[in-house]
Amino acid sequence: MLSRLENLLFVIGLFLFSIGGVVFMSHFFGGSDLVQTIHVNRLGGGMLVTVGIVMIGLSFREEQ
Amino acid sequence: MNLTWIDYLIIVIYFIFVIGIGVMVKRKTKSSADFLQSGRSLPLWITALAFISANLGAQEVIGMAASGAKYGIMTSHFYWLGAIPAMVFLGIFMMPFYYGSRARSVPEYLVLRFDEKTRTFNAFSFAAMTLFSSGVSLYALAILFQTLLGWPFDVSILLAAGIVMAYTFLGGLTSAVYNEVLQFFLIVLGIAPIVYIGMINVGGWEGMTQVLDKSMTSTWQFMGHESQNTMGVNLWQMVMGLGFVLSFGYWCTDFLVVQRAMIAKNMSAAQRTPLVAAFPKMLLPFVVILPGLIALTLHKVGGDFQLPLKTDGRIDYDLTLPMLLGHYYPTGMLGVGLTALIASFMSGMAGNVTAFNAVWTYDIYQAHIKKDGTDDHYLTVGKITTVVGILLSIATAYLAREFNNIMDLLQLIFGFINAPLFATFMLGMFWKRTTSAGAFFGLIMGTLGATLTHGLTVAEGKGGWLIGEPLHEFASGMGHAFFIAIMSWSICFMVTLLVSLITKPKPESELEGLVYSLTTKPRTKYQSLHENPYVLAGVVLVVTTYLNYLYW
C-alpha cells in the first residue's frame, strides 16, 4: 500500500475520489435538500469521483 | 459566503494530501540535484501539466475571470496569441539548447553562452521578480479570504505560507511539481461545473452574444483602433507587444516555467513538454475566461446575480469568480471551489519559491559565495533558501498592500525584465557573432529603456514621472505595458547587435551546443506521430488558428 502511495496518478486519483465522495454525499451529512443544490453537488462530485476512479485505474495499468 | 464543516473538511483533505506528497517525496530526496532539479527524472505527462500549472496561479485563475468580465473574449489573446506560439517556439527551437547544454537554470545557460556578469544580472533580477510574484500571490489570497470569509489577513498569510513551506521544504522541486499536477486537476474540476451550469443559465454562447456588446464576444474584429475595444489596445500593440515580446519573453526565458521542461527525464520529453502542455493550455480560456463572460451576462440581464461594486461605484471585477462560486455552488462544491482557489494561490507561490531556490543556490551562492562546497552543503543551502524565500514572500505580501492593480503591475515588471531578455536569447542562440559585452549592455539598456519609456509616457494616471508634460498618453494601462515591452525589446536588440559588431566574439569551439548554427542536429527516428515534436507543433498551431477563427 505504501509503495502505491508513491504513484502520483494513484495519489491524485485518491484525492479527487475522496473530495468528490464528500461532495456527492454532502446532502446526507447536513447539506441542503434543495433539488438544485443536490443537482450541482451530484454534477461536480460525480465529475471528481469519475476522474478519480479513472486515474486510480490508470495507475494500476501503468505498473503492469 | 458561509462555509459549513463539509466545506472545511474538503479544505483539510486537500492540506493533508499536499503535505502527504511532501512526506512521500522526502524519502527520495537525497542530493541537491534531487531537491533543486528533481534529479532530471520526471515523465512527460508530469512535466507538461506542471509546466502550465506553474502559470495557473491566482493571477491567472482570478485575474482571467476578472478580465473576461471586463474585456470579454479578447482576453483569450493571452492564450491563443500570447502563449501557444511561444510555447511551440520554446519546444522546437529553444529546449534543445537549454536541455542539451546541461545548464541547471536559465541564468546558467547565460554564463555558458556569454559570461558571469550577464548571468548575475539575470539571476538577481529573476530572484527579485519571483519573490515579488510569490508575495503578491500571498497578498491576493489573504485579501480574498478576508473579503469573502472574514478570515484575518495575517491568519490566511501564515496558513498558506506555512503549508507551502512544509511541502517544498520536505520534497523540494519534485514535491512542488507533484502538487502542481494535483492542483491542476483540482482547479479545472473545481471551476468547470460553474461554466457548465452558467452556460445553460445564460442560454449558451448565442444567449451571451444577444446580451453583450459585440466587442465583448469578438477576439479580432475590433482591433483597428484602441478606442474600438474595451482593452484600449490596437492591433500592433497586441501582436507585437503581447503576441511577440511579452509572450516569448515569458514562455521562452522565464525560468519558472522553463524549469518544468528542464527537469524532464530526457531530451525528447523536455522538447515535448511545452508542446503537450499547449493542448490543455489552449482550452483553459473555456475554464477561466468564460466565467467572467457568464457573470457579466447575468449582471446585465439583471436577475438575482449582480457583480459587486467598489466604494467608488465601479464594478469590482477581481471578485467575479468568487461571486460566481457563491452564487452557483452549495455546501460541498463550495468547499471544492474555494479549495481550487487556495490551490491556485499555493501553486503560484510554490512555483516561484522553487525557481528562486535553484537560481539562488546555483547562480548566486555557488557562483559567488562558495564555489567548491559538497553536495550536502548545497542541499542544506537549498533547504535554508526555501525557508528564507517563504519569509521574504510574506514580507513582500505586506508590501504588496501598497499596490492596487496586481495584473498591470506584473505586466509592467515583465516588460522591464523579461522583454529585453528575449532579445538577448534570440541573438545569443541564433547569431554566433553575439558577444558577451553586447548581451550585457543590451540587457542593461533594454531595462533602462523600459524604465525611461514608463517615465516619459502615461496611461490611466500612471507613469510620466520623469517629465511634467508626458510625451504620449495611452488609452489603457495594458496598451502602455505592451508599448514599454516593445521599446525595451527593440532597444536591447539594437544595442546587443551594435556592441557585438564592435567587440570580439567567443571562439566557435566554445559555442558548440549553445548556438543554432554550431550545433549538430540529431536525426531522430520517431516511433509514433505523437513522439514527433514537429507533428505536435503543427497540430497545436492548426487548432489554435481554428480557435482564433471560431471566435473571430
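Every chain is numbered from 1 and lettered A, B, ... according to where its sequence line falls, protein lines coming before strand lines. Side chains are part of it too, since the values below use all heavy atoms of this structure and drop only hydrogens, waters and symmetry mates.
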How long is the gap from [atom1] on [X] to [atom2] on [Y], to the nearest 0.5 Å?
X	Y	atom1	atom2	answer
A/F15	B/T339	CZ	OG1	7.0 Å
B/Y329	A/N41	OH	CG	9.5 Å
A/S26	B/I10	OG	CD1	7.5 Å
B/I46	A/L8	CD1	CG	4.5 Å
A/M47	B/Y196	CE	OH	10.0 Å
A/I19	B/Y14	CD1	OH	10.0 Å

Min side-chain heavy-atom separation A/L16-B/F185 under 4.5 Å: yes

Can you check whether B/F17 reaches A/L14 side chain to side chain, under 4.5 Å on heavy atoms?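 Yes, side chains in contact.
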
Side chain, backbone, both or neither of [X] within contact of chain A (heavy atoms, under 4.5 Å):
X	answer
B/V25	neither
B/L182	both
B/I21	side chain

side-chain contact (heavy atoms from CB on, under 4.5 Å) test vs A/V22 passes for just one of B/D7, B/I13, B/V336, namely B/I13

Would A/I12 and B/Y178 count as a side chain to side chain contact (heavy atoms under 4.5 Å, CB included) here? Give the steps. CA-CA 9 Å; A/I12 296 176; B/Y178 279 16; over 6 Å; no

